[in-house]
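The structure under discussion appears below in the form of structure tokens.
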There are 2 protein chains.
Amino acid sequence: MKRPSTIKQVAERANVSIATISRALQNPSVVAPETRDRVMAAVAELNYVPNVQARSLRTSRSRVILALVPDITNPFFGEIIRGIERGAFETGYSVLLGDTQHDEAREASYASMIASGQVDGLLTMMPHVPELYYRQRFPIVTVCEYVADSSISRVRTDNPAGIALAVRHLAELGHRQIAYIGGRPDQPISDEREQGFRSTMRQLGLPVSPALMAVGNFTAESGARAAKELLDGGAPFTAICCASDETAVGAMQTLRNHGLKVPNDVSIVGFDDIPLSQYLDPPLTTVRQPTDRLGFEAVSILLEQLRNPKFEPRMLVLPTEMMVRGSTAPPRN
Amino acid sequence: MKRPSTIKQVAERANVSIATISRALQNPSVVAPETRDRVMAAVAELNYVPNVQARSLRTSRSRVILALVPDITNPFFGEIIRGIERGAFETGYSVLLGDTQHDEAREASYASMIASGQVDGLLTMMPHVPELYYRQRFPIVTVCEYVADSSISRVRTDNPAGIALAVRHLAELGHRQIAYIGGRPDQPISDEREQGFRSTMRQLGLPVSPALMAVGNFTAESGARAAKELLDGGAPFTAICCASDETAVGAMQTLRNHGLKVPNDVSIVGFDDIPLSQYLDPPLTTVRQPTDRLGFEAVSILLEQLRNPKFEPRMLVLPTEMMVRGSTAPPRN
DNA sequence: GCACTTTATGAAAACCATTACACCGCGATC
DNA sequence: GATCGCGGTGTAATGGTTTTCATAAAGTGC
């Protein structure tokens with residue numbers, strides 16, 4: 001690999017000092033037009049690109065942010081990442097990706113990149129913040145997930161309202177016996193969604209039977225398993241409300257295997273609106289989260305925090321939207 | 001944010017020179033055990049983490065690799081990224097993620113991170129290499145996609161063989177009129193798969209009708225559109241072979257909308273084996289790519305190239321595997 | 001007890017850019 | 001005509017680490 005040229009070489013070539021090169025690139029207006037042209041010419045000839053390490057060392061900012069995901073394989077996170085990447089790119093930042101796989105050791109290891117100066121801030125989709133935060137107080141924004149700490153900015157969807165949309169939709173169709181398959185119990189959003197489910201049911205005067213509350217972990221596999229538990233439990237239900245689309249997909253498979261038709265025998269509602277859900281059979285009725293925007297807004301806030309030393313943490317709650325498709329119908333009386 | 005401590009502070013604390021600190025951390029065996037202990041204690045007390053920028057500046061290696069994806073939203077790439085991330089993490093590297101969105105300007109902009117020293121090498125899932133490569137010859141590995149340049153290492157799946165599996169499977173079931181929905185025409189793998197399809201058909205003595213060759217772009221939406229074209233074309237077929245699972249999902253939807261049953265009226269085979277495919281209705285018969293491994297092997301090769309100056313580019317072709325599920329059956333009558 | 005390794009440590013250069021400060025020359029001001 | 005201000009530029013310090021080279025101390029062999 002050819003060794004890149006340095007500011008010194010450019011300076012020699014353009015017959016000016018290195019300070020002028022730096023200025024011509026950072027703050028062109030302060031150098032005389034003709035000098036600037038000469039510098040630019042030299043830069044072009046030598047294919048000069050400033051060394052980022054040197055710059056970062058001097059300015060102590062890396063212009064890199066770290067994004068931590070529990071599972072990059074999940075298309076839902078994929079979309080958020082895209083939003084993050086888009087926002088970062090537009091403002092000249094880049095995104096270091098960490099797939100923690102729900103593992104705290106990995107998370108901690110990534111967090112140390114902040115201490116080492118490799119990244120300027122952290123965007124986490126995990127349900128907690130790294131230990132290190134309490135010692136170093138670095139810039140951080142939680143996305144989707146959140147922790148109960150008002151010093152931390154968060155961007156998230158209105159989960160209770162989202163689930164309420166789903167439950168109301170089912171209730172309007174005439175369902176009364178609605179089962180629920182939750183998310184990973186260790187994630188606060190699972191709680192939020194479950195609480196949203198319970199309280200909406202209550203508001204509508206519908207019964208919340210413990211026998212109809214199943215536990216999942218947001219994966220299709222867990223949805224399939226939970227649905228089986230519901231069926232085996234014997235308590236009757238005409239609809240299932242799921243904490244994620246993938247869970248819904250899994251549940252639908254179990255229902256099929258038991259000879260039950262969706263939506264005729266059982267209606268299903270998902271959550272997230274992953275790209276594939278409209279192509280399922282039947283197309284999945286679901287609650288859409290503004291995924292791309294979630295990521296985008298999160299970077300915006302993080303970048304603002306990086307720029308503004310008097311930044312006040314804030315919370316942004318984005319609305320959900322009901323996507324009514326084919327997996328829901330009135331109950332077979 | 002608290003300012004991290006520097007090697008100098010640690011040195012004062014441990015009563016040694018900064019050189020000793022550096023050595024104790026980089027190459028512990030060369031410092032006396034008791035000194036080492038003292039250093040380690042000081043490091044722990046001050047929460048010292050070496051500044052990465054300074055180190056990179058000095059050593060001119062960043063221990064970061066850049067991964068370029070055309071579309072991070074695609075679950076197939078998500079799995080590859082996971083493999084990459086895993087391999088990188090194990091060896092102390094981290095992954096900078098670039099979502100190029102098939103855009104060359106973005107790609108070029110990311111490539112400049114190499115020139116700036118921000119990353120040590122490039123792992124690209126794009127069908128071409130950045131311009132810059134021809135000037136700088138940096139370490140690079142192409143994953144999945146490839147370019148016809150023997151100076152570039154590549155890791156990919158055996159696409160023709162994969163498609164051959166699919167076609168043979170259909171032929172064994174008795175299908176003779178098999179349609180094909182291809183990938184984005186500007187990606188070499190689309191070509192490879194299409195050629196694999198054509199030559200296998202020929203080998204089996206089956207006709208390849210131009211009316212049964214449709215063009216897609218790997219998305220579900222394109223699959224739906226292409227399937228419609230096939231149906232509208234009027235040429236009869238009993239099976240469709242798709243260049244990706246998502247395409248297959250889209251095609252299945254179109255078939256349903258036209259009242260056709262999968263697999264009874266039309267069999268469908270996908271390619272990739274994305275996580276959701278086994279949960280579809282019917283579960284999708286598909287050709288599995290070893291996605292995680294693709295990513296993992298790619299990093300291995302890239303890292304080897306980074307270490308070994310006499311590295312010879314090489315190509316690794318990974319095998320595919322047929323996943324027979326419910327979307328294929330013998331043709332009716 | 002002497003010459004000679006070996007081992008452990010320190011001093012200082014180097015990596016490459018940014019930037020505070022000083023300087024120079026020149027037109028404007030009183 | 002001395003002074004001021006200002007645009008344009010250079011000098012040199014600075015950021016934090018790694019690493020070469022020198023040096024000091026301790027160990028070896030005769």
Side-chain angles (χ1 to χ4, degrees), chain A residues 1-40 42-43 46-63 92 112-120, chain B residues 1-40 42-43 46-64 92 112-118 120:
Chain A
M1 176 171 168
K2 226 182 65 200
R3 188 203 201 88
S5 37
T6 75
I7 200 172
K8 211 166 156 188
Q9 298 171 321
V10 183
E12 259 165 45
R13 181 95 169 205
N15 254 311
V16 291
S17 75
I18 59 169
T20 301
I21 304 294
S22 179
R23 276 187 293 250
L25 293 167
Q26 299 295 312
N27 197 359
S29 66
V30 305
V31 344
E34 55 227 70
T35 319
R36 198 194 312 155
D37 291 348
R38 229 168 50 240
V39 170
M40 291 314 185
V43 166
L46 298 175
N47 288 315
Y48 172 66
V49 183
N51 180 303
V52 173
Q53 328 287 0
R55 167 183 296 167
S56 296
L57 177 58
R58 189 63 245 263
T59 60
S60 54
R61 19 184 46 254
S62 63
R63 297 188 79 78
S112 79
M113 299 181 96
I114 300 217
S116 74
Q118 192 162 15
V119 299
D120 292 342
Chain B
M1 173 172 170
K2 225 181 65 201
R3 189 203 199 84
S5 37
T6 74
I7 200 173
K8 210 165 157 188
Q9 297 172 322
V10 182
E12 260 165 43
R13 181 93 169 209
N15 254 312
V16 291
S17 75
I18 59 170
T20 301
I21 305 295
S22 179
R23 277 188 290 251
L25 293 167
Q26 298 296 312
N27 196 1
S29 66
V30 306
V31 342
E34 56 227 68
T35 319
R36 199 193 312 156
D37 292 348
R38 229 168 49 241
V39 170
M40 291 313 185
V43 166
L46 298 175
N47 289 314
Y48 172 67
V49 182
N51 180 302
V52 172
Q53 328 287 1
R55 166 181 297 167
S56 297
L57 177 59
R58 186 59 238 254
T59 61
S60 55
R61 18 182 48 252
S62 63
R63 297 188 79 79
V64 176
S112 80
M113 298 180 98
I114 299 216
S116 74
Q118 192 161 16
D120 291 342

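Letters A, B, ... mirror the listed sequences (proteins, then strands); counts begin at 1.
Between dA11(C), dC16(C), dG16(D), one nucleotide has an atom nearer to the side chain of S17(B) than all others, and that is dA11(C). When each of dA11(C), dT18(D), dA17(C) is scored by its nearest atom to the side-chain atoms of S22(B), the top-ranked nucleotide is dT18(D).
Going from atom CG of L25(A) over to atom C1' of dC16(C) covers 14 Å, rounded to whole Å. What separates CD1 of I18(A) from P of dT11(D) is a distance of 10 Å, to the nearest Å. To the nearest angstrom, P of dC15(C) lies 17 Å from CZ of R61(B). Across the protein-nucleic acid pair, R3(A) atom CZ and dC16(C) atom C1' stand 11 Å apart, rounded to whole Å. Taking atom CG on N27(B) and atom P on dT17(D), their separation rounds to 17 Å, with Å as the unit. Here the P atom of nucleotide dT18(C) and the CZ atom of R63(A) are 12 Å apart, to the nearest Å. Spacing between atom CD of Q118(A) and atom P of dT17(D) amounts to 14 Å, rounded to whole angstrom units.
Between T20(A) and dT9(D), a side-chain N or O to OP1/OP2 separation shorter than 4.0 Å is absent. Contact annotation: Q26(A) reaches the phosphate of dT18(C) (side-chain N/O to OP1 or OP2, under 4.0 Å). OP1 or OP2 of dA17(C) lies within a sub-4.0 Å distance of a side-chain N or O belonging to Y48(A). A close approach under 4.0 Å does not occur between any side-chain nitrogen or oxygen of R58(A) and OP1 or OP2 of dT14(D). The phosphate of dT9(D) has OP1 or OP2 within less than 4.0 Å of a side-chain N or O from T35(A).
When atom types are taken as modelled, the side chain of S5(A) and the backbone of L46(A) share a donor-acceptor pair closer than 3.5 angstrom. Side chain of R38(B) to backbone of A14(B): a donor-acceptor contact under 3.5 angstrom is found. For S62(B) (side chain) and Q118(B) (main-chain N/O), a donor-acceptor pair under 3.5 Å exists by modelled atom type. Judged by distance alone, the side chain of S116(A) and the main-chain N or O of N51(B) form no donor-acceptor pair under 3.5 Å. Checking side-chain atoms of Q9(A) against main-chain N and O of T6(A) turns up a donor-acceptor pair under 3.5 Å. In terms of modelled atom types and a separation under 3.5 Å, the side chain of N27(B) and the main chain of V30(B) share no donor-acceptor contact.
Residues E34(B) and P4(A) both approach DNA chain C. Their nearest nucleotides, taken by heavy-atom distance, put E34(B) toward the 5′ side. Nearest-nucleotide mapping onto DNA chain D: of R23(B) and L57(B), the residue sitting toward the 5' end is L57(B).
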TODO: Would you please test R13(A) and V10(A) for side chain to side chain contact (heavy atoms under 4.5 Å, CB included) and show each step?
DONE: CA-CA 5 Å; R13(A) 181 95 169 205; V10(A) 183; 5.5 Å; no
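Smallest separation of non-hydrogen atoms from S112(B) and V49(A): O-CG1, 4.4 Å. Nearest heavy atoms, A24(B) versus M40(B): O-CE, 3.5 Å.
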- [ ] Starting at the 5' end of nucleotides 22-28 of chain D, put B wherever the base has a protein heavy atom under 4.0 Å, S where only the sugar-phosphate does, and a dash everywhere else.
- [x] -------
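Within residues 6-16 of chain A, the residues approaching DNA chain C are T6(A), I7(A), by heavy-atom distance under 4.0 Å.
Rounding to the nearest 0.5 Å places CD1 of I18(B) at 8.0 Å from NZ of K8(B).
Base contact: A19(B) has a heavy atom under 4.0 Å from a base atom.
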